[in-house]
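I have placed the structure first, in the form of structure tokens, so that the comments after it can refer back to it.
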Amino acid sequence: MGGQPLYLEPRLESRLRSLLNSPVLLHTLTEALGSPLHVVVPDQLADNLQQFRSVYGARHLSGQVFFAHKANRSSALLRRLAATDAGVDVASLGELQHALGAGLTPDRITATGPKNPEFLWLAARTSVTVSLDTRDELEQLVTLVRKHALPRTRVMLRLSEFETSGVRVLSRRSRFGTAVRELDPLLESVERYGDVVDLVGVAYHLDTTSLTEKATALEGCLRVLEECRSRGLRPRAVDIGGGFGVNYLADGGQWERYTTGLTEAVLGTRPPLTYGGHGYGLRNEAGTLRGALGLYPAHRPVAGARYLDELLAHPAASLGGSPLAALLLDHLYDLHTEPGRALLDQCGLTLTKVLEVRDQDSGGPLLVRLAAKADDVALEEHGVLMDPVVVPRDAHGHATGSGSAPGTATEPVGTYLFGSRCLESDLITRRTVFLPRRPAPGDLLAFANTAGYCMDFHATRAQHQPVARKVAAWQEGDTWRWCLDDQYWPTTPVGGAQ
Ligand SMILES: *Cc1c(COP(=O)(O)O)cnc(C)c1O
């Protein structure tokens, strides 16, 4: 196998850990509903929301947490969200309809992203707040509201390309939002159409892990709010989007060792760690390491609500150096956030059945074929490297790693995990995955923490293979209960989901 196994064990909090310790249930579910199968855990979403709320509370900030719907299509998650006091950020007509149907009232919904006329109409018709990307979009909305005699619409202005010195662009360019230097004509339009639109605030969403980039953007928004006020407008909120991140791995040391090992493998000083020597963005040019690692930082000690807290503690250099939170509080601005991935942390897992296990003549990694397609477990799509957990078929027997099956079942093995499409490239992950024991056909490989983007964002119906089913699971005392995702309502669990 070439050296020590390099594990990347998933971080498991109590709910997912308990589910994974319920092998009879997991095997019953996949026998009934097929593989792959997604399991979502709606109650975890409510707990994650509380963590964001407590950051607001500690800093005395008001405002709303809007769950970014696009991260998961689940009805159960959305209906559980409706039973809290949070909001939802919708980015399509379908998502808006879904949110309204789940019980989220328009005052708890914001519409972002590219908008077709139907989406804009339903948003304006129901008095949802609309986040506008451009002056063109504002004009479209104004025309629509006037033509159909719709109510005056609350709008946010989405901004981008924030600058600190007036020269250096400190946040990345984006297809979305209006560059801050083009703000003037936009504000003139907002003033002109004051009878039709009500400017409630400004917004940004940056798809980056960089705290300083986000702090620059938030600071930029605070300056824009001041400018609005000096013009007589009365905006009162700033929406800082999502991108708070998730910590996927249990052990930072494993991540260090793995990424070091990958670098060495690319340079050829240790055996390959990937199928076909794939380098995840790194390459070897005549003995020199080139490129950049295109991976999600899977071990992130500061993620989710903690990341928000650090952002709020960041000093605003151009505004006297106070922490951003203090400036928000001084002006009594509402702080809106739109976490997607972070609110779905530990909210679900994906079960895949092992169909075939084959040794290679060459002695390389075991070839393991799963009843799933790569896009059913789209970890690779997001550059998230994380091991699955083996749930043995012999469910009454042994926990992972302590199996006593005959042969080599207790030895660690390196594997390539293939999907079920007739494609050479249908690898669930291009990485050699080390498992603590040799899997057998009928075992399940459970991919933990897949609720954010990995379940259905990339799912297709290629080759007439059905899209994976989804169930919602919750605990009643020590017992796990479940139903199909679209059967779940907050009244479903006995005792209710409060
Ligand atoms: C995708 C998206 C989000 C959520 O991003 P995460 O990284 O999942 O937190 C929030 N706001 C907007 C506008 C988005 O497009």
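Note that the numbering runs from 1 along the sequence shown for the chain. Counting convention: from 1, in listed order, for ligands and their atoms alike. Keep in mind the model is a prediction, meaning the values are calculated, not measured.
Among all protein heavy atoms, the one lying closest to atom 11 (N) of ligand 1 is E338 OE1, 2.6 Å. Looking only at protein heavy atoms, the nearest one to atom 14 (C) of ligand 1 is K70 NZ, 2.9 Å. With hydrogens left out, the protein atom closest to atom 8 (O) of ligand 1 is Y453 OH, 2.6 Å, a heavy atom.
Within ligand 1, the atoms closer than 4.0 Å to a non-hydrogen atom of R158 are 13 (C), numbered from 1 in the order shown.
No part of D207 comes within 4.0 Å of ligand 1, judged by heavy-atom distances. Within the 4.0 Å heavy-atom criterion, the part of A68 lying near ligand 1 is the side chain and not the backbone.
Between the side chains of H382 and R341, at least one donor-acceptor pair of N or O atoms lies under 3.5 Å. Looking at H205 and T112, their side chains never bring a donor and an acceptor atom within 3.5 Å of each other. In this model, a donor atom of one side chain and an acceptor atom of the other lie less than 3.5 Å apart for E139 and Y193.
Taking all atoms of both residues into account, the shortest heavy-atom contact from L8 to D387 is N-OD2, 2.6 Å.
Counting heavy atoms only, G243 comes closest to atom 7 (O) of ligand 1 of the residues G340, G113, G243.
With a 6.0 Å cutoff to the six-membered ring centre and a 45° limit on the axis angle, R431 counts as a cation-pi contact of Y258.
A donor-acceptor contact shorter than 3.5 Å is absent between the side chain of Y296 and the backbone of Y248.
Polar contact check, R341 against ligand 1: a nitrogen or oxygen pair lies under 3.5 Å apart.
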